Number of protein chains: 2
Amino acid sequence: MDVIADAIAGRIRLERENRGWSLSELAERSGVSKAMISKVERCEASPTATVLGRLSGAFGLPLSVLLALAERAEERLARAADQPVWTDPETGYTRRAVSPANGGGLELIEVTLPAGVRVPYPASAFAFQRQQILLLEGRLDFTEGEVIHELSAGDCLELGAPQACVFFNPSKVSARYLVALTRR
Amino acid sequence: MDVIADAIAGRIRLERENRGWSLSELAERSGVSKAMISKVERCEASPTATVLGRLSGAFGLPLSVLLALAERAEERLARAADQPVWTDPETGYTRRAVSPANGGGLELIEVTLPAGVRVPYPASAFAFQRQQILLLEGRLDFTEGEVIHELSAGDCLELGAPQACVFFNPSKVSARYLVALTRR
DNA sequence: GTATTTCGTCTACTATAGGAGACGATTTTG
DNA sequence: CAAAATCGTCTCCTATAGTAGACGAAATAC
């Protein structure tokens with residue numbers, strides 16, 4: 001029935017499952033009850049702006065980006081101009097959702113990492129998803145647990161077991177890399 | 001209190017007033033009661049996704065764009081990558097919200113109009129706002145009521161009394177123009 | 001194999017979103 | 001100036017969003 005509610009529901013479930021979070025875990029992180037999240041994901045309730053704001057906050061995404069991702073669920077072609085982009089105002093880290101749909105379980109994200117910037121990721125963000133990192137431009141020091149991989153343009157790294165990771169651009173110019181995700 | 005609700009409230013009121021619509025008129029167009037819209041604009045209620053979808057529909061904007069505009073209310077610098085863009089899938093008409101804030105009551109929008117495309121606007125869309133059109137690139141035939149203005153790159157037109165208008169690109173290449181809006 | 005934890009859904013209840021219409025204030029019409 | 005339309009808010013009332021906790025199923029522990 002309500003097309004937008006459907007899209008939101010699917011996207012929220014996708015974001016949650018990609019992180020390997022249970023309803024209880026998302027409930028804790030967002031402050032929304034797990035019963036409500038369950039209803040939203042099954043389209044049995046239309047979330048208020050307040051609830052949507054808390055959920056997108058838990059995912060670390062601006063609400064508009066979460067919805068942009070939801071709205072494009074049916075498209076197969078994503079023009080550059082339409083791709084949801086989010087820039088962290090502090091570091092200048094820019095994340096562009098390249099893939100059109102969430103269908104197919106495959107998602108490409110293009111990231112621009114300014115010179116000298118460090119971006120740490122907790123292990124939980126990677127659970128339940130396979131991912132590879134392809135360095136398009138510049139240099140990238142990728143720390144995976146204890147190991148440090150020094151990548152140059154063209155290098156492609158497949159991540160192993162979920163571990164705390166750090167993206168670091170050691171050079172004087174911006175680095176651009178592609179992250180390819182798929183569910184485990 | 002709720003920062004996102006505040007931003008949404010302000011943006012909805014702005015979009016409504018820019019069109020010169022009363023609460024009753026927006027209520028009719030969106031199917032949301034005017035009492036509810038009043039509450040939302042005054043932050044006395046948090047709209048559900050369903051209601052937000054109907055409102056953005058009435059404004060002719062995707063929900064994600066409406067929210068992107070709302071979220072940027074506090075920023076003063078809008079990088080090209082962060083500017084909300086919307087492309088009409090049928091015509092290829094692309095609208096980019098260039099201005100960072102809605103404050104100052106001045107808003108710039110960059111439009112790309114593909115070759116041969118006609119975009120009509122009802123008079124109601126212009127009521128209560130002054131606007132000028134600056135043609136950046138290509139050619140544009142702008143029909144204002146009975147009068148037709150044939151614009152070339154660099155030409156700038158100020159709109160008069162609210163009338164039904166048509167944007168038409170008569171050439172073989174895309175046209176780019178800037179729309180500058182301010183409240184009457 | 002049984003016990004325990006963890007998962008998502010369901011039940012029962014409360015808070016609030018959302019709608020129909022009344023109301024005073026302001027503007028428009030004549 | 002008075003009458004009528006129109007504005008936004010406010011007052012009810014109902015539908016539903018949202019929460020706490022119970023529940024059965026499935027995975028995990030031991």
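By convention in this document, chain letters (A, B, ...) are assigned in the order of the sequence lines, proteins followed by strands, and residues within each chain are numbered from 1. Because only heavy atoms are used, hydrogens play no part in the values below, and waters and symmetry mates are left out as well, while side chains stay in. What you see is a predicted model; the values in this text were computed from it and never measured.
- For A:Leu23 and D:dA27, the CG to P distance is 16 Å, given to the nearest whole Å.
- Residue A:Arg16 places no side-chain N or O under 4.0 Å from the OP1 or OP2 atom of C:dC7.
- For B:Ser33, taking side-chain heavy atoms from C-beta onward, the closest of the listed nucleotides D:dG18, C:dT9, C:dG18 is C:dG18.
- A ring-centre distance under 6.0 Å is not found for A:Phe167 and A:Tyr93.
- The two residues A:Asn169 and A:Ser171 have their closest heavy-atom pair at OD1-OG, 2.8 Å.
- Classification of the B:Phe59-B:Trp21 ring pair by plane angle, with boundaries at 30° and 60°, yields parallel.
- Across the protein-nucleic acid pair, A:Trp21 atom CH2 and C:dC7 atom C1' stand 17 Å apart, rounded to whole Å.
- Regarding B:Glu44, its CD atom lies at a distance of 9 Å from the P atom of D:dT9, rounded to whole Å.
- Here D:dG8 presents its C1' atom at 12 Å from CD1 of B:Ile37, a figure rounded to the nearest Å.
- Summary of the strand contacts: B:Lys39 and B:Ser24 both lie near DNA chain D, and taking for each the nucleotide with the nearest heavy atom, the more 5' one is attributed to B:Ser24.
- As judged by a 4.0 angstrom heavy-atom cut-off over every strand, A:Glu41 is placed among residues making no nucleic acid contact.
- Cluster membership check: A:Tyr121 does not share its hydrophobic cluster with A:Leu108, using side-chain heavy-atom separations under 4.5 Å among Ile, Leu, Val, Met, Phe, Trp and Tyr.
- The A:Arg42 side chain lies nearest to C:dT9 when the options are D:dT9, C:dC7, C:dT9.
- For the contact set between residues 47-67 of chain B and DNA chain D, defined by any heavy atom under 4.0 Å, the members are B:Thr48.
- For the pair B:Glu28 CD and C:dG19 P, the interatomic distance rounds to 14 Å; values are reported in whole Å.
- We find that CE of A:Met36 is positioned 15 Å from C1' of C:dC13, with the value rounded to whole Å.
- Side-chain heavy atoms closer than 4.5 Å link hydrophobic residues (I, L, V, M, F, W, Y) into clusters, and following such links, even through other members, never connects B:Val85 to A:Leu69.
- When heavy atoms are screened at a 4.0 angstrom cut-off, A:Ala35 is found touching base atoms of the nucleic acid.
- Side-chain atoms of B:Lys34 and base atoms of C:dG19 include no donor and acceptor less than 3.5 Å apart.
- Salt bridge B:Arg19/B:Glu25: absent, no basic N to carboxylate O contact under 4.0 Å.
- Among the nucleotides D:dA17, D:dC10, D:dT9, the one closest to the side chain of B:Arg13 is D:dT9.
- Atom C1' of nucleotide C:dG8 and atom CG of A:Leu26 are separated by 13 Å, given to the nearest angstrom.
- When heavy atoms are screened at a 4.0 angstrom cut-off, B:Ser38 is found touching base atoms of the nucleic acid.
- Of the candidates A:Arg96, A:Arg176, A:Gln83, A:Arg95, A:Arg176 is the only one forming a side-chain hydrogen bond (donor to acceptor under 3.5 Å, both in side chains) with A:Glu110.
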